[in-house]
Novice: 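Right, I'll just put the structure down here and ask away after.
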There are 2 protein chains.
Amino acid sequence: MRQKEKVTIYDISKKLNISAATVSRALNDSNRVSLKTKELVLKTAKALNYQQNALALALKSGRTFNVGVVVPYINHTFFASVIRGIEEELEPKGYHVIICQSHEDVNNEAKQLKTLLNTHIDGIFISVSKTTEDVKHIEEVRDEGIPLIFFDRKKDISGVSSVTINDYEGAYNATTHLIEQGYKKIAHIGGDHKLQIYKHRYDGYVAALNDHNIAIDENLIMQVSSTVEAGIEAVKLLMKRKIAFDALFSASDYVALGGMRELRAHGFKIPEDIGVVGFSNEPFTKYLERPLTTVGQTPVLMGQIAAQVFLEQISDVKKNVQVEKKVVLSPELYTRDTSSKKGS
Amino acid sequence: MRQKEKVTIYDISKKLNISAATVSRALNDSNRVSLKTKELVLKTAKALNYQQNALALALKSGRTFNVGVVVPYINHTFFASVIRGIEEELEPKGYHVIICQSHEDVNNEAKQLKTLLNTHIDGIFISVSKTTEDVKHIEEVRDEGIPLIFFDRKKDISGVSSVTINDYEGAYNATTHLIEQGYKKIAHIGGDHKLQIYKHRYDGYVAALNDHNIAIDENLIMQVSSTVEAGIEAVKLLMKRKIAFDALFSASDYVALGGMRELRAHGFKIPEDIGVVGFSNEPFTKYLERPLTTVGQTPVLMGQIAAQVFLEQISDVKKNVQVEKKVVLSPELYTRDTSSKKGS
DNA sequence: TTGTACGCGTTATCAT
DNA sequence: ATGATAACGCGTACAA
């Protein structure tokens, strides 16, 4: 089956014996067309089922009304929710969201950015991959003059806006909560400090211990990737070190899940023997046999705000001002079963 | 900051004092250009950092090398994995994947399809929403001559290819497994039969019971949505009916998770008192305190095959043949803790 | 082998 | 208020 041939403004102009220019003006609701012809054009456009050719418009105007979002993985609830927030905010304005995955690989990330630029998107939202150290590919986007917004995982690049959450605060509150519950020796399985979010969570953890006069034990601190398997391995290693601890603050719900599994395998009861707090409030955490205490991040809101920043930015571009806006959201601790020392 | 101005084939042509046409031919490796000028063009193109304008090309050729994927939700591991499979297969061929969510809403689905058509994609992959009954919007895509491929959740529409898994077989095997483990009274919390997958899973469940001479009890069969909350509610209802059962086959891992939670709340032990089998092999199922027996679906493979079907299809279009290919994959049962009557 | 000219569908500019 | 024309960047049929 061959493509159905599209109707253009020329078809309308021929039918009405007017010029294509007039049709264009009428369709764009210009005030330089008589009301009569305007109505006529609109009517026949509808009758012929006219659809504006977005490609031609984009070629002409330079705007595609597409924006790109680059995330490590789309199947993480957190990222999916941020995307949802962006969509909610931008769809009413006529924008379409193109979603790309970096799979935590810088090369992939660079490639996706290149493809997006080539697709002539109007803006890019990005949460950088774990392996992103060199940021040349990101600066290139900025230098092209494409509005660029970091969310959650950012790099410090001048001229780029960002929307993040206060990871420090989230970690501080989570750790303090464990201390207040009576746990004394708190391990921290975090993520790679190359990502600011994990560094900040580590800092929050350390600050909370300091503020409560608890000594930091480097043997109880690890950096692993955000997977269930990594959580299992981390606890195995902790066990091998034979350094007792009675609580675990993880920078990832997945790691916490794996960690709890391994702790139970060693005969520990949660939360009686060992308290556990995760990070992200992934949906499954709420429905575990022992619901997991975790730090929630309002990802939908993050997406909405990122989108708003984008919209501001493109209006600023017109004014030839360059802004660099930094929004930081507050996290919230969800206190559930795994962190109350006396059991629940 | 204003957009950096792009270099075009005209810039190259001016620099080399040749026509733009020759540049175009050289860049497209036509054999109607001398080797010398070809090399020259390629060199200066690289020097000027020339990037082909995808928009202009698309306007001219009618092909964008973009394909659209419409799924209910991107944060379901199953759909995310299918998308991964499509990407893997299509990216090497130069295609870019645009991901859309219907949020299980037919109107949204129709809107997304319309937007995709307007973006001039080269093909569409779709897993229909739960609320999709009227398929006019899908037939419209087909009638536009855009290659269209269903995956997992399909509708019977002539001229549309599909890649699905054998849900009947998966359910039959899961139910048979429970029977062989010694469970006698097996409840089934399925999904809305408007979706073929859930109807087929129901059919497989019924067939397995029949083949083992177990009577069907309609009171033990429900249709709910695929969420943890729905699983909780469903088991609550089952309890209220006061009809004993010793196993639960759910058409969704999320429902199984909620169901188990509620069963435990009523004092039942899993799997000793009640055996449970889910469907989809979501990642979390493996790491629960009691790992969940579930039916796995090879979603990445499904995506790869769907992409291959698409590639075949576009080559067939050239030959003006219309094909309708139906691929059915086999599911696999992952036997874990929640279905062994004696405990593990 | 290379150049000229046109068209893809739209909007903006300049006339009328 | 409307029309003619150029331009966005590219590929290609036709001419040279």
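Quick caveat: nothing in here was measured; it's all calculated off a predicted structure. So that the names make sense, note that chain A is the first sequence line, chain B the second, and so on, each numbered from 1. Below, each value reflects all heavy atoms present in this structure, side chains not excepted, and no hydrogens, waters or symmetry copies.
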Novice: Just call it for A/Leu57: base, sugar-phosphate, or nothing, with non-hydrogen atoms closer than 4.0 Å on any strand.
Specialist: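 Answer is sugar-phosphate: A/Leu57 comes under 4.0 Å of backbone atoms only.
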Novice: Identify, between A/Ala20 and B/Tyr10, the residue whose nearest nucleotide on DNA chain D lies closer to the 5' end.
Specialist: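 Nearer the 5' end of the strand: A/Ala20.
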Novice: Is the number of heavy atoms from other residues, nucleotides or ligands within 6.0 Å of NZ (B/Lys114) greater than 12?
Specialist: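 No, because the 6.0 Å sphere around NZ of B/Lys114 holds 12 heavy atoms or fewer from other groups.
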Novice: Is the ring pair A/Tyr95/A/Phe310 parallel, tilted or perpendicular, if the boundaries are 30 and 60 degrees?
Specialist: perpendicular
Novice: Nearest whole angstrom, please: distance from the P of C/dT11 to the CZ of A/Arg32.
Specialist: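 Between P of C/dT11 and CZ of A/Arg32: 16 Å.
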Novice: Are any side-chain N or O atoms of A/Ser34 and backbone N or O atoms of A/Thr37, one a donor and one an acceptor, separated by less than 3.5 Å?
Specialist: yes
Novice: Tell me the interatomic distance from B/Leu59, atom CG, to C/dT11, atom C1', rounded to whole angstroms.
Specialist: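 Rounding to the nearest Å, CG of B/Leu59 and C1' of C/dT11 are 13 Å apart.
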Novice: Quickly work out the A/Leu55 CG to C/dT10 P distance and round it to whole Å.
Specialist: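 Nearest whole value for this atom pair: 11 Å.
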Novice: Stepwise, does the side chain to side chain contact (heavy atoms under 4.5 Å, CB included) test hold for B/Leu311 with B/Leu90?
Specialist: CA-CA 8 Å; B/Leu311 291 172; B/Leu90 253 35; 3.9 Å; yes
Novice: Both B/Ala21 and A/Thr8 contact DNA chain C. Which one's nearest nucleotide lies toward the 5' end?
Specialist: B/Ala21
Novice: With a 4.0 Å limit, can you tell me whether A/Ser24 has a side-chain N or O closer than that to the phosphate oxygens OP1/OP2 of C/dT11?
Specialist: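 Yes, such a contact exists.
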Novice: If you walk 5' to 3' along DNA chain D, what is the first nucleotide with an atom under 4.0 Å of a heavy atom in chain B, and what is the last?
Specialist: D/dG9 to D/dA13
Novice: Starting at atom CD1 of B/Ile9, determine the distance to atom P of C/dT4, rounded to an integer number of angstrom.
Specialist: 14 Å
Novice: When you measure only distances, ignoring hydrogens and angles, does the side chain of A/Lys60 come within 3.5 Å of the base of C/dT10 through a donor and an acceptor?
Specialist: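 Checked by distance alone, the answer is no.
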Novice: For the pair made of CG in A/Asp11 and C1' in C/dT10, what is the distance, rounded to whole Å?
Specialist: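 Answer to the nearest Å: 13 Å.
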Novice: Under 4.0 Å between any heavy atoms, over every strand shown, what does B/Ser61 touch: base, sugar-phosphate, or nothing? Just pick one.
Specialist: nothing
Novice: Return no unless some side-chain N or O of B/Ser19 is found under 4.0 Å from OP1 or OP2 of C/dG3.
Specialist: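 So the side-chain polar atoms of B/Ser19 do come within 4.0 Å of the phosphate oxygens OP1 or OP2 of C/dG3, strictly under.
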Novice: Rounded to whole angstroms, how far apart are CG on A/Asn28 and P on C/dT13?
Specialist: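 Result: 13 Å.
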Novice: Heavy-atom count around A/Lys15 NZ within 6.0 Å, excluding the residue itself: above 12?
Specialist: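 Check fails, neighbour count at 12 or below.
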Novice: Atom CD1 of B/Ile18 to atom P of C/dT4: distance rounded to whole Å?
Specialist: 12 Å
Novice: Tell me if the centroids of the rings in B/Tyr73 and B/His103 come within less than 6.0 Å of each other.
Specialist: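 Yes, ring centres under 6.0 Å apart.
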Novice: For the side chain of A/Gln52, starting at C-beta, report the closest nucleotide among C/dT4, C/dA12, C/dT11.
Specialist: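 Of the candidates, C/dT11 comes closest.
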Novice: Under 4.0 Å between a side-chain N or O of A/Asn53 and OP1 or OP2 of C/dC8?
Specialist: no
Novice: Is the ring centre of A/Phe150 less than 6.0 Å from the ring centre of A/Phe125?
Specialist: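 Between A/Phe125 and A/Phe150, which both carry aromatic rings, the centre distance is not below 6.0 Å.
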Novice: Find the distance A/Gln51:CD to C/dT10:P and express it as a whole number of Å.
Specialist: 11 Å
